[in-house]
Amino acid sequence: MASLRLGPLLRYTDGSSATFWVESSRPCTAEVRCADGARGESPTFQIAGHHYALVEVNGLVPGTSQSYEVFLDGARVWPLPDSPFPPSLIRTPAEDDTVRVAFGSCRWAAPPADEADPVGPDALDTLAARMAGDPGGERPDVLLLLGDQVYADGVSKATRRYLAARRDLREPPGSEVADYEEYTQLYYESWLDPEIRWLLSTVPSSMIFDDHDVIDDWNTSASWLEDMRATSWWRERLLSGLMSYWVHQHLGNLSPAELADDPLYAAVRETPDGTDALRAFAAKADADPTSVRWSYRRDFGRVRLLMVDTRAARVLDEGSRSMLDPGEAHWLREQALEEPGSYDHLLIGTSLPWLLPHLVHDAEGWNAALCRGEKGARWARFGEDLRRRADLEHWAAFPASFDALTALIAEAGSGDRAPATVCVLSGDVHHAYVAEPSWPADAPDAPDARVLQLTCSPVHNSIPMSIRIGFRFGWSAAARVLGRRFAGHGRVPRPPIDWRRTGGPWFGNQLMTLTLRGRSARLRLDQARAEKTGGARLKTVEESQLTP
């Protein structure tokens with residue numbers, strides 16, 4: 001008899017359909033039955049000895065909310081027996097509904113309940129507890145996870161023990177993840193957390209990877225990649241990382257129509273074992289990053305989300321260095337500019353912030369100039385070493401890409417049919433802030449929309465005090481002067497826009513929520529705070545109206 005190993009995760013939803021991701025213990029047929037009689041089923045497919053299904057349910061009624069159950073070969077496996085949580089729900093949006101988008105990044109798996117948490121309460125755990133305690137209260141309509149859902153290069157004590165039981169940790173990659181099977185352990189540890197499991201079963205989620213999903217500083221530079229490829233363990237790590245990401249995260253990002261057109265999804269379902277097909281796909285993606293698109297678009301009524309891959313789509317050659325390859329950049333432009341006036345809010349999800357503290361921005365531009373050889377070979381070697389040590393790899397480290405994204409945002413946000421807001425949603429930097437750009441007074445391309453950089457990180461992680469001090473200083477007037485000195489040394493031109501910090505920095509485990517209705521936008525930042533009496537709660541530390 002099949003049992004439920006992981007899930008269910010409620011992934012894609014629209015007004016009439018939803019998809020559910022599950023992992024079972026053996027081959028079977030997975031079925032979802034909704035309270036109103038709607039149902040869907042799918043046979044499992046096999047990857048590396050694991051069995052997965054993505055179940056599509058169609059015929060749902062817009063603007064309704066209902067519970068559902070999961071069955072494997074006809075036996076009910078969800079809800080779990082004696083579950084302390086309310087029933088998992090599907091809420092299908094109506095066309096004019098308010099859309100609440102909660103987002104954040106960087107989540108270490110929470111330790112077991114009987115262990116102290118070294119980095120404080122998990123913001124997602126705390127959100128789940130709040131929702132479970134008030135089933136009729138406010139809840140997100142979608143959860144955007146902006147990278148580092150798992151940490152392949154920084155495992156917990158429990159996972160380290162698991163790895164040590166499989167292999168000799170004295171051999172590379174040591175106590176880091178080595179293969180697909182070990183990646184599955186990361187997802188079990190993270191998604192079997194009872195609160196997280198229930199949360200992901202009842203709030204639709206959209207995800208994108210960042211570096212730690214594979215390794216810190218993934219694709220920092222061409223020389224970094226060359227060094228990694230020279231190791232004995234890198235190829236297996238990368239292929240396993242891409243394979244596990246495709247299974248656990250990417251598939252659920254796609255709509256039923258996109259799934260129906262996906263040749264790899266068809267291939268793995270048509271064969272008794274899809275491992276070879278998926279591994280070949282990952283190997284091709286490694287050899288030719290343009291062969292796959294991890295970026296995707298989601299529309300929530302009149303809210304458009306463009307989730308952008310800023311890791312695997314990079315061009316790393318120093319002479320043509322770019323955050324996005326030409327095909328990816330063209331796709332982003334097409335999606336942002338398609339059907340002007342068809343959306344009221346444009347959300348660009350990119351794990352790496354577009355707007356950083358001015359000192360960091362200028363330092364990254366200066367470093368990029370050094371690495372290009374603008375000051376000679378000796379400075380280039382220094383620049384590459386500094387780039388790796390200091391993680392100088394955000395949009396500012398790809399100056400042409402920074403300028404192109406800036407121009408696209410201005411174009412998408414301009415004209416009689418401009419959206420009310422263009423918001424860049426990011427994580428990565430283990431703190432939260434709001435930054436707002438301004439265009440020169442005589443700029444012909446200044447947008448009509450309100451443009452904001454909204455950065456929220458971590459969901460559950462930490463940041464050293466030295467880095468906190470550094471980020472606070474990075475926004476200061478003195479830091480700005482220092483940054484221009486760096487830029488002057490590298491002969492880096494001034495960026496086409498200026499910007500200022502309008503909120504933060506905030507430090508802690510946190511989530512941002514955008515509430516969007518019509519052309520109105522409201523922002524809230526909640527932090528997970530431990531209670532003296534035990535447990536934790538979400539405390540609102542910032543709330544502001546972005547547009548009326």
Student: Taking atom types as modelled and ignoring hydrogens, do the side chains of T159 and E189 form a donor-acceptor contact shorter than 3.5 angstrom?
Tutor: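 Their side chains do contain a donor-acceptor pair, which is all the 3.5 Å distance test asks for.
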Student: Could you check whether D385 pairs with R381 (Lys NZ or Arg NE/NH1/NH2 to Asp/Glu carboxylate O, under 4.0 Å)?
Tutor: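 Looking at R381 together with D385, the answer is no, because their closest N to O distance does not fall below 4.0 Å.
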Student: Working note: T350 + S426, criterion side-chain contact (heavy atoms from CB on, under 4.5 Å); need CA distance, chi angles, decisive distance, verdict.
Tutor: CA-CA 5 Å; T350 161; S426 305; 3.7 Å; yes
Student: Have E182 and T184 got a donor and an acceptor in their side chains that come within less than 3.5 Å?
Tutor: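 No, no side-chain donor-acceptor pair sits under 3.5 Å.
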Student: In this structure, is the centre-to-centre distance between the rings of W218 and H212 below 6.0 Å?
Tutor: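 Not under 6.0 Å, so no.
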Student: Can you name the side chain to side chain contact (heavy atoms under 4.5 Å, CB included) partners of A48, sequence neighbours left out?
Tutor: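 With neighbours one apart ignored, the set is Y180, T275.
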Student: Would you call R160 and E176 a salt bridge, using N to O less than 4.0 angstrom?
Tutor: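 A salt bridge is absent here (no side-chain N lies under 4.0 Å from a carboxylate O).
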Student: So, do I348 and V308 sit near enough that their side-chain heavy atoms are less than 4.5 Å apart?
Tutor: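 Heavy-atom side-chain distance check passes, below 4.5 Å.
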Student: Specify whether W366 and F486 have parallel, tilted or perpendicular ring planes, treating 30° as the upper limit for parallel and 60° as the lower limit for perpendicular.
Tutor: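 Ring orientation, 0 to 90° scale: tilted.
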Student: Do the non-hydrogen side-chain atoms of H460 and D117 ever get within less than 4.5 Å of each other?
Tutor: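 Yes; the side chains approach each other to less than 4.5 Å.
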Student: Would R484 and D362 pass as an ion pair if we require N to O under 4.0 Å?
Tutor: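 So R484 pairs with D362 through a salt bridge.
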Student: When you measure from the side chain of R450 to the backbone of L546, do you find a donor-acceptor pair of N or O atoms at a distance under 3.5 Å?
Tutor: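 Checked: pair present.
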Student: Could you please spell out the steps behind the side-chain contact (heavy atoms from CB on, under 4.5 Å) verdict for S295 and L306?
Tutor: CA-CA 7 Å; S295 301; L306 302 178; over 6 Å; no
Student: Would you call E393 and R388 a salt bridge, taking side-chain N to carboxylate O under 4.0 Å as the test?
Tutor: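 The answer is no: the pair does not qualify as a salt bridge.
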Student: Regarding R297 and E338, does a basic nitrogen lie under 4.0 Å from an acidic carboxylate oxygen?
Tutor: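 Looking at E338 together with R297, the answer is yes, because their closest N to O distance falls below 4.0 Å.
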Student: Does the distance from a Lys or Arg side-chain N to an Asp or Glu carboxylate O, for D179 and R167, drop under 4.0 Å?
Tutor: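 Not counted as a salt bridge, because no side-chain N and carboxylate O are separated by less than 4.0 Å.
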Student: Looking at E236 and R279, does any basic side-chain N land under 4.0 Å from a carboxylate oxygen?
Tutor: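 Between R279 and E236 there is a salt bridge, with a charged N closer than 4.0 Å to a carboxylate O.
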Student: Is any side-chain heavy atom of W354 closer than 4.5 Å to a side-chain heavy atom of I409?
Tutor: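 A side-chain contact under 4.5 Å exists here.
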Student: Does a side-chain N-to-carboxylate-O contact under 4.0 Å join R389 and D217?
Tutor: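 No, this pair does not count.
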Student: Any heavy-atom pair between the side chains of P204 and R11 that's under 4.5 Å?
Tutor: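 SC-SC contact between R11 and P204 ruled out.
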Student: When the ring centroid of W234 is compared with that of W224, is the distance short of 6.0 Å?
Tutor: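 Here the rings of W224 and W234 have centres that are less than 6.0 Å from each other.
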Student: Show me the side-chain donor-acceptor pairs of residues 241-251 shorter than 3.5 Å, one per line, residues at least two apart or across chains.
Tutor:
from, atom 1, to, atom 2, distance (Å)
S244, OG, S240, O, 3.0
S244, OG, G241, O, 3.2
H248, ND1, S244, O, 2.9
Q249, OE1, Q149, NE2, 2.8
Q249, NE2, Y187, OH, 2.8
Q249, NE2, D213, OD2, 3.3

Student: Can you confirm whether the side chains of S342 and R417 place a donor and an acceptor under 3.5 Å from each other?
Tutor: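 Per modelled atom types, S342 and R417 side chains form no pair under 3.5 Å.
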Student: Determine, for R314 against D325, whether the closest basic-nitrogen to carboxylate-oxygen distance falls under 4.0 angstrom.
Tutor: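 Looking at D325 together with R314, the answer is no, because their closest N to O distance does not fall below 4.0 Å.
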Student: Please check: side-chain N/O of D309 versus main-chain N/O of A313, any donor-acceptor pairing under 3.5 Å?
Tutor: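 Between the backbone of A313 and the side chain of D309 there is a qualifying donor-acceptor contact (under 3.5 Å).
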Student: State whether R107 and D122 are salt-bridged, where the test is any N-O pair (Lys NZ or Arg NE/NH1/NH2 against Asp/Glu carboxylate O) under 4.0 Å.
Tutor: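 Salt bridge between R107 and D122, a charged N being under 4.0 Å from a carboxylate O: yes.
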Student: Between T220 and R387, is a side-chain contact (heavy atoms from CB on, under 4.5 Å) present by the stated rule, with each step listed?
Tutor: CA-CA 8 Å; T220 290; R387 175 158 59 190; 3.6 Å; yes
Student: Can you tell whether the side chains of E328 and R293 come within less than 4.0 Å, N to carboxylate O?
Tutor: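 Answer for the salt bridge query: yes.
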Student: What I want to check is whether the side chains of T515 and R524 have a donor and an acceptor closer together than 3.5 Å.
Tutor: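 Side chains of T515 and R524: no pair found under 3.5 Å.
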Student: So, are K157 and E115 salt-bridged, with charged N and O less than 4.0 Å apart?
Tutor: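 No, K157 and E115 are not salt-bridged.
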